[in-house]
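Input: a single structure, listed below in structure tokens.
Here the structure is a predicted model, which is why all the values come from computation and not from measurement. For reference, positions follow the sequence shown, starting with 1.
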Amino acid sequence: MSDARPTRRTLLGAAAAAALPSSVMAAPAATRALYAGGYDKEGGAGLLPLDYVPATGAWRAYAPVAAAPDASWGVRHPDLGLHYLVQEGSAGKVAVFRRRGDAWQRLALVGSGGADPCHLALSADGGALAVANYSSGSVALIPLDRRTGLPRAAAQVVAHRGRGPDAERQAAPHAHWVGFSPDRRWLWSVDLGADTIFAHRLDAAGTRLGETRAAYRAVAGSGPRHLAFHPRLPLAYLVAELDNSVTVLRRGADARFTALARHATLPTGFAGKSSAGAIAIDPRGRWLYASNRGADSVAVYAIAADGALAPTQHVACGGRWPRHLRVLDGRLLVANERSGTIDGFRIGTDGRLAPFGTAARAPGVAFVGEA
């Protein structure tokens, strides 16, 4: 016999549906379980579990998980349901959590191999977790038990080399993003301080790093931050923090990239100080979004059949300092760090954005993950 007791998801969905006209009440609104990760020093109190109803833009927050401080980035294991979260700090950590209902249980806490880890990537086979350590300018690879998803050895650490012309931001390497190549032969890392995308060769098991090579040298002083990949074409899009740009890159067979075009993220005529932040692509590869921290806006680009970009819109982000973007069920969620809000936008049939629903209160928010 099935358990017919209502859950918090069905109750929330029913409550949201009750506010809708009877003509659209045939089924309760679907609820998505999310979480906000952010910085304790900016008012956060650990990971914040959230429920979100994309159809109505309604939010519900739960008690923060204090065992996950400064969780500015996270990834979810698609099969085991585990969550890997960074803990930024001078002695960086990576925590492993299991979520059961409303409860989050920490299963492991390991060193990231460097200072201020800010990005993670899980290998496709679940055998390794990659870490970008920002302040120490290094990447780390943590071997995982494929059966349990838990760390089985200490991190292997590889230091980046290089610097850029910006004396304040580029005096040393600053790893900001990591990701595995589709053929599982390479780990890519984006370094803001060195103006470089590095490629680190993986061994046959995918759990050890070998030689390191420069996969792409960005424009000097541009400060590359994050990569996003086209879902079908051999293309990647690189957002650069310091010069507020998005570069279209062609991915080569040798793990290297070639630049095809470069676009500004800021609106024409903007003269203030701003830093590009997040980048996101809709699942069908039709539109690309990039955030501007300072200008406090989101740039919208149409993606052509060949992957080329065409700017179509700049829209206010709804808060201050848009650090992260997440495309979810026809909506774009913007994590506005300094206003401590997550603001929602409806994605139109042309990819353009319109404010939608209410904002969730999430002090110090840096990242929105799916629970």
Side-chain angles (χ1 to χ4, degrees), residues 37-42 44 47 67-75 83-97 106 108-123 127-144 150-164 166 168-181 186-203 206-215 218 223-227 241-242 277 323-324 364 366-367 369:
Y39 296 109
D40 290 35
K41 64 183 178 182
E42 297 182 17
L47 178 151
D70 297 318
S72 63
W73 193 268
V75 293
H83 294 271
Y84 304 92
L85 304 171
V86 301
Q87 289 186 12
E88 284 202 36
S90 56
K93 304 289 185 183
V94 176
V96 186
F97 280 83
R106 194 174 73 186
L109 183 65
V110 296
S112 72
D116 295 313
C118 62
H119 195 265
L120 299 170
L122 181 67
S123 64
L129 183 72
V131 189
N133 292 304
Y134 179 83
S135 292
S136 54
S138 63
V139 296
L141 196 65
I142 302 173
L144 302 177
L150 298 178
R152 60 177 180 80
Q156 177 196 1
V157 181
V158 175
H160 287 173
R161 296 181 181 276
R163 58 186 299 174
D166 187 318
E168 181 180 356
R169 297 294 311 280
Q170 297 184 308
H174 294 301
H176 216 307
W177 179 95
V178 283
F180 292 90
S181 65
W186 299 90
L187 175 72
W188 285 306
S189 56
V190 176
D191 195 292
L192 184 149
D195 285 326
T196 302
I197 300 175
F198 292 102
H200 310 270
R201 188 181 294 276
L202 291 164
D203 68 359
T207 57
R208 294 287 298 176
L209 298 173
E211 68 159 308
T212 296
R213 64 171 60 164
R225 180 180 173 91
H226 277 207
L227 270 177
E241 177 174 334
L242 301 184
R323 186 181 178 95
H324 182 241
F367 174 77

Evaluate the side-chain proximity of Thr207 to Arg152: yes if any heavy-atom separation is below 4.5 Å, no if none is. yes
Atom pair CZ (Arg106) and CG (Leu47), whose distance is rounded to the nearest 0.5 Å: 12.5 Å
After noting the C-alpha distance and the side-chain angles of Val190 and Arg225, does the key distance pass the side chain to side chain contact (heavy atoms under 4.5 Å, CB included) rule? CA-CA 6 Å; Val190 176; Arg225 180 180 173 91; 5.6 Å; no
Find out whether Val94 and Leu109 are in side-chain contact, i.e. whether some heavy atom of one side chain is under 4.5 Å from a heavy atom of the other. no
Taking all heavy atoms of Cys118 and all of Ala175, pick out the closest pair and write down the distance. SG-O, 3.6 Å
Any donor-acceptor N/O pair, Asp203 side chain to Gly206 backbone, under 3.5 Å: yes
Hey, is CZ on Arg213 packed in by over 12 heavy atoms from elsewhere, all under 6.0 Å? yes
So, for Ala366 and Tyr39, which heavy atoms are closest and what is the spacing to 0.1 Å? CB-CE1, 3.8 Å
Is there a donor-acceptor pair under 3.5 Å between the side chain of Ser138 and the backbone N or O of Ala159? no
Within a strict 4.5 Å, meaning less than it, do heavy atoms of the Leu129 and Val75 side chains meet? yes
Check: His119 side chain, Val178 main-chain N or O, donor-acceptor pair, under 3.5 Å: yes
Per the ring-ring contact (aromatic ring centres under 6.0 Å, His included) rule, which among His324, His176, His83 passes with Trp73? His324
Whether Arg201 side chain and Leu209 backbone form a donor-acceptor pair below 3.5 Å: no
Between Thr196 and Asp191, do the side chains contain an N or O donor and an N or O acceptor separated by less than 3.5 Å? no
Would you indicate whether the side-chain heavy atoms of Leu141 and Leu202 approach each other to under 4.5 Å? yes
Within the side chain of Gln170, is there an N or O that forms a donor-acceptor pair under 3.5 Å with the backbone of Leu192? yes
Do Phe198 and Ser189 come within less than 4.5 Å of each other through their side chains, counting heavy atoms only? yes
Minimal non-hydrogen separation, Ala199 against Trp186, with atom names: CB-CE3, 3.7 Å
How close do Val131 and Ser112 get, counting heavy atoms only, and between which atoms? CG1-CB, 4.0 Å
If every non-hydrogen atom of Ala128 is compared with every non-hydrogen atom of Leu144, which pair is closest and at what distance? C-CD1, 4.0 Å
Report the residue from Leu227, Leu120, Val139 that forms a side chain to side chain contact (heavy atoms under 4.5 Å, CB included) with Trp177. Leu227
Spell out, as yes or no, whether a donor-acceptor pair under 3.5 Å connects the side chain of Asp195 to the backbone of Arg163. no
Are Pro117 and Gln87 packed together at the side-chain level, in the sense that at least one heavy-atom pair is separated by less than 4.5 angstrom? no
Hey, is the main chain of Asp40 close enough, under 3.5 Å, to the side chain of Asp70 for a donor-acceptor pair? yes
With the side chain counted from C-beta on, respond yes when Ser90 and Asp116 share a heavy-atom pair under 4.5 Å apart, and no when they do not. no
Salt bridge between Glu88 and Lys93, side-chain N to carboxylate O under 4.0 Å? no
So which heavy atom on Gly111 is nearest to which on Ile142, and how close? O-CD1, 4.2 Å
d(Ser123 OG, Phe180 CZ) to nearest 0.5 Å is 5.0 Å
Under the criterion ring-ring contact (aromatic ring centres under 6.0 Å, His included), I'd like the reasoning laid out for His160 against His174: C-alpha separation, chi angles, the key distance, then a yes or no. CA-CA 8 Å; His160 287 173; His174 294 301; over 10 Å; no
